[in-house]
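Structure, as structure tokens:
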Amino acid sequence: MIGHLAYAAGSPCPTFVLDAGRLPRNDEALLAHLAEARRYLVSAGGAHVLKIALVEPSAHPMFDLDYRFVQALPGAPDRFDLRGSCGHSILSAVVAAARSGMLPRLVPGARIRVQVLNNGDSVVCEVDRVERDGAAFTVTFVQSAPVPFGELLPSGAPRTPLVAGADRTEVSLVASANAYAFVDARELGVPDQAALFGAGDELLGRLEALRAAAAGRLGWPADGAFPKIAAVLPAEDGGIAARAVTVPGWHPSIALTGVVCLGTAVRIPGTVPWRIARENGADTGLLEIATTGGRTAVTAVTATPGAADGEGALLWATVARKSVTFQGSFVLTPLSHLQFEEVAQCLALSGAA
């Protein structure tokens with residue numbers, strides 16, 4: 001089988017892309033195959049590659065590509081979480097699928113429609129620019145029908161109290177693109193953006209403990225990857241500053257799904273991000289998000305509150321200027337020393353990204 005590596009700017013690691021049509025459909029057999037593939041990657045220096053995308057042409061007339069995300073977990077090559085999705089991985093998969101011939105060659109203006117099998121999301125990846133080794137996109141997470149705000153709150157409320165060690169605080173559990181727990185960093189003693197971006201292991205540990213408590217609140221495994229968690233507060237130059245946690249450790253920026261989820265949360269009255277956005281006058285229109293890796297922006301479009309269901313609803317959310325670099329392809333069987341070195345070179349490139 002051919003494997004591909006692609007890196008989306010802002011992601012904590014590259015995505016390892018595989019043809020789902022050549023893999024078992026049964027989860028147990030599938031995960032056994034993926035564990036073997038991970039062992040091979042680790043032996044070639046790829047232990048840091050923790051995102052796997054399984055893709056194939058979609059049989060659905062509304063989509064071009066079926067996509068399934070697998071989050072590899074640290075500690076052993078056979079540890080995985082199949083619960084969530086990854087926006088950076090979706091874009092990496094689109095670039096790899098086009099390079100492998102699964103999709104037509106990417107050209108500016110093309111729109112690749114992706115069906116996310118993990119959670120039913122519909123994602124439109126519009127090509128803004130094509131380069132020799134990659135492409136740039138505008139990404140829209142589209143709802144097939146307006147989703148009432150209440151359905152985006154997995155705990156049933158805009159804010160949920162959590163207890164984790166000495167921390168007793170409220171978080172907002174919001175599920176849009178991925179499930180996230182958003183906490184006001186000031187409630188954890190972090191006063192401003194500089195302190196948030198400069199925080200180290202102590203805050204990281206507290207957020208990881210809160211994330212585990214949020215997973216327990218949802219009935220999910222505490223040692224999995226979902227829900228994600230991010231600490232937020234008003235940004236210095238307007239908008240919201242966010243520091244997110246990934247697998248493992250601090251995220252270098254914030255996940256694409258995290259951007260979408262935060263943009264959605266800002267539109268839902270009563271949530272932690274909604275309250276913070278109103279402090280900075282960022283509760284309407286384009287939301288600017290400051291991270292340790294730079295600034296990004298999202299527009300979440302909602303139906304007018306006061307509709308027949310009595311509340312607002314999410315229509316779609318769009319993120320622009322997302323770029324992907326294709327890093328190489330290789331056969332997943334070490335047939336020769338030369339081939340092994342080629343894999344190692346791909347992984348060395350991905351580690352430097």
Side-chain angles (χ1 to χ4, degrees), residues 1-19 34 37-38 40-42 44-55 65 67-74 84-100 102-103 105-106 112 114 116 123 125-139 177-178 225 228 244-260 291-296 319-332 341-353:
M1 173 179 287
I2 304 294
H4 312 278
L5 284 175
Y7 175 75
S11 177
C13 71
T15 295
F16 179 38
V17 184
L18 295 170
D19 183 345
L34 295 183
R38 282 198 69 203
Y40 180 46
L41 284 176
V42 170
H48 64 291
V49 180
L50 298 176
K51 296 181 181 295
I52 302 173
L54 310 179
V55 295
L65 198 68
Y67 158 93
R68 188 180 188 190
F69 178 64
V70 180
Q71 175 70 62
L73 300 173
S85 180
C86 175
H88 286 131
S89 175
I90 291 172
L91 294 179
S92 295
V94 167
V95 168
R99 287 298 183 105
S100 69
M102 188 179 293
L103 292 174
R105 183 171 62 91
L106 299 179
I112 309 303
V114 180
V116 181
V123 182
C125 306
E126 182 172 358
V127 182
D128 297 326
R129 186 180 72 254
V130 178
E131 298 174 348
R132 182 178 62 83
D133 60 350
F137 299 88
T138 293
V139 190
N178 260 334
K228 302 290 190 178
V245 176
T246 187
V247 178
W250 290 115
H251 199 290
S253 56
I254 185 172
L256 177 54
T257 54
V259 173
V260 170
T291 76
T292 54
R295 294 181 73 88
T296 187
V319 183
R321 304 188 304 276
K322 302 302 296 184
S323 61
V324 179
T325 302
F326 185 73
Q327 295 182 322
S329 305
F330 49 87
V331 179
L332 283 177
E341 286 189 344
E342 289 173 346
V343 177
Q345 289 171 3
C346 288
L347 292 169
L349 286 172
S350 69

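Since the structure is predicted, the reported quantities are computational estimates derived from the model, not experimental observations.
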Side-chain (T291) to main-chain (G293) donor-acceptor, under 3.5 angstrom: yes
Under 3.5 Å donor-acceptor, T246 side chain and P248 backbone: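 Answer holds: no.
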By side chain to side chain contact (heavy atoms under 4.5 Å, CB included) - contacts of R295 (at least two apart): D237, E288, A290
Residues in side chain to side chain contact (heavy atoms under 4.5 Å, CB included) contact with A9, at least two apart in sequence or another chain: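 Here the qualifying residues are S323.
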What residues, two or more places apart in sequence or in another chain, satisfy side-chain hydrogen bond (donor to acceptor under 3.5 Å, both in side chains) together with [X]?
X	result
D133	none
R68	D27
S100	none

Approximate separation, where rounding is to 0.5 Å, of Y40 OH and F16 CZ: 9.5 Å
Where [X] and [Y] come nearest, the two heavy atoms and their spacing:
X	Y	answer
S85	I90	OG-CD1, 4.0 Å
L106	A98	CG-CB, 3.6 Å
T292	P252	OG1-O, 3.1 Å
C86	Y67	O-OH, 3.2 Å
P74	V247	CD-CG1, 3.2 Å

Pairs where residues 247-256 contributes a residue and the test side-chain hydrogen bond (donor to acceptor under 3.5 Å, both in side chains) is met, not counting sequence neighbours: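 Those involving residues 247-256 do not exist here.
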